[in-house]
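Heads up: the structure comes next, in structure tokens.
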Amino acid sequence: MAIKIIFFARLRELSGHAELTVSLPVPTTPRAVWQHVLPDLALPEPLLVAIDQNYAQLDSPVQDGQEVAFFPPVTGG
Amino acid sequence: MAIKIIFFARLRELSGHAELTVSLPVPTTPRAVWQHVLPDLALPEPLLVAIDQNYAQLDSPVQDGQEVAFFPPVTGG
Amino acid sequence: MHIELLDEPFQPFQRLADYQPARTDAGATAVFIGTSRDYNLGETVSALHLEHYPGMTERQLQEITAYAEQRWTVLDGLVVHRVGLLKPGEAIVLVAVWAGHRGDAFDACRFIMEELKHKAPFWKKEQLADGRQRWVEQNSTGYAG
Amino acid sequence: MHIELLDEPFQPFQRLADYQPARTDAGATAVFIGTSRDYNLGETVSALHLEHYPGMTERQLQEITAYAEQRWTVLDGLVVHRVGLLKPGEAIVLVAVWAGHRGDAFDACRFIMEELKHKAPFWKKEQLADGRQRWVEQNSTGYAG
């Protein structure tokens, strides 16, 4: 009944959210989740998306109880 | 008036010499040096040659006072 | 392979000496160490903050090393990555691969490092000498000439 | 770069820890260590004798590292090679390169190692478990898949 959303790095600052939980009709998508949470903020480019800690697409299906993460290109190492 | 000749590794065992000095008319070549020292032993294959500690050819010129080394492919590292 | 995230400074060569398997069949060891620098893009960097995605980071590193172990003939490996606040000169990442032959050790080490750079969810924020902070935008390719 | 021939065993990670320049501009360190194995071509090796051509060896290593320093942007390097009698598990060779960027460090380290394998006048003789001795015939290429 709930989807957990996490933002990292620059996207956490941009969105003003670190982590939040929303209820949405499922299946949904990361794109729809973003638009629901941040209706006034266009999807940034470049953008990486993970569902349950695996890389996914903006239009991949998201089910109830899953975790959706948005973050910029990674810069570790 | 003298050329120093050194053999390494398997070629030292094959030739029966570690190091010796010969007098030959110069300029000579590593090939002529080998034939002078080991008239009964054909040049082995593969064979590496150095003159004054720089890689050279069997027919490179050798002058008086130089050092000629014969050795098999290197296997360090 | 062994994977480790650390929020404290570590000495990579000491870590390697402690970890190194006492084996006599590993003819080749390839190691890469990434270190925090005191400059970037023409500015002096006084500290580096390394953020990561807990859980996904470990999962990605597992996947990368598992793939490397299938693709090359390797005997063991060690991947250590820092998180948190780093001072210039501190080690960020250590990747070591033990193999029978040097081609496998070199290739697997470099592959793990490149994959880590492009897939493992870490983000660097630089603290500049003048007090400003900035996110590092993107990792460069490691295949320079 | 620093070049060293040793006729005593050395601990490569300890050597690196001792040598490592205390610098904050070297973002990348690539290291290769070659170790004496206890087997080769299906036979148990109990010791390895490393012969070299004194003088020419140092000269070749100087030439190889000088070329690498011109071709890649590197900050420092260390090459250590054993000579004499080695037991299985002992380090034969250590090549370390410090650079600003990882592509330079990896490429220069691997180049030095390949060149050393094919040009530096060292020869290995294996002492087998059954008492026989044999010369190692030829070094393999380091670019395996």
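On a predicted model such as this, the values are computed, not experimentally measured, just so you know. Below, chain A is the first sequence line, B the second, and so on; all start at residue 1.
- Contacts of D/T73 with chain C are absent, with no heavy-atom separation under 4.5 Å from either backbone or side chain.
- Contact annotation for D/A26: only backbone heavy atoms (N, CA, C, O) come within less than 4.5 Å of a heavy atom of chain C.
- Residue-environment remark: CD (D/Q11) stays at or below the threshold of 12 foreign heavy atoms within 6.0 Å.
- Within 6.0 Å of the NZ atom in D/K119, the count of heavy atoms belonging to other residues, nucleotides or ligands does not exceed 12.
- Heavy-atom distances place the side chain of D/Y39, and not its backbone, under 4.5 Å from chain C.
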Verdict with reasoning, C/Q14 to D/L16, per side chain to side chain contact (heavy atoms under 4.5 Å, CB included): CA-CA 9 Å; C/Q14 187 55 52; D/L16 284 163; over 6 Å; no
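- With a threshold of 4.5 angstrom between heavy atoms, D/Q20 approaches chain C through side-chain atoms but not through N, CA, C or O.
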Scan the side chains in residues 92-103 of chain C for donor-acceptor partners under 3.5 Å anywhere in the protein, sequence neighbours excluded, and list what turns up.
{"unit_1": "C/W98", "atom_1": "NE1", "unit_2": "C/T29", "atom_2": "OG1", "d": "3.4"}
{"unit_1": "C/R102", "atom_1": "NE", "unit_2": "D/E114", "atom_2": "OE2", "d": "2.8"}
{"unit_1": "C/R102", "atom_1": "NH1", "unit_2": "D/S140", "atom_2": "O", "d": "3.4"}
{"unit_1": "C/R102", "atom_1": "NH2", "unit_2": "D/E114", "atom_2": "OE1", "d": "3.0"}
{"unit_1": "C/R102", "atom_1": "NH2", "unit_2": "D/E114", "atom_2": "OE2", "d": "3.4"}
{"unit_1": "C/R102", "atom_1": "NH2", "unit_2": "D/S140", "atom_2": "O", "d": "2.9"}

Using atom types as modelled, flag every donor-acceptor pair under 3.5 Å from a side chain in residues 82-90 of chain D to any protein atom, sequence neighbours excluded.
{"unit_1": "D/R82", "atom_1": "NE", "unit_2": "D/L6", "atom_2": "O", "d": "3.3"}
{"unit_1": "D/R82", "atom_1": "NE", "unit_2": "D/E8", "atom_2": "O", "d": "3.3"}
{"unit_1": "D/R82", "atom_1": "NH1", "unit_2": "D/E90", "atom_2": "OE1", "d": "3.0"}
{"unit_1": "D/R82", "atom_1": "NH2", "unit_2": "D/L85", "atom_2": "O", "d": "3.0"}

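- Note: C/A28 leads C/A30, C/A28, C/P12 in heavy-atom pairs under 4.5 Å with chain D.
- Counting all heavy atoms, side chain and backbone alike, C/R37 lies closest to D/D25 at CD-O, 3.8 Å.
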Step-by-step side chain to side chain contact (heavy atoms under 4.5 Å, CB included) determination, C/F13 to D/R15: CA-CA 9 Å; C/F13 298 128; D/R15 186 73 192 81; over 6 Å; no
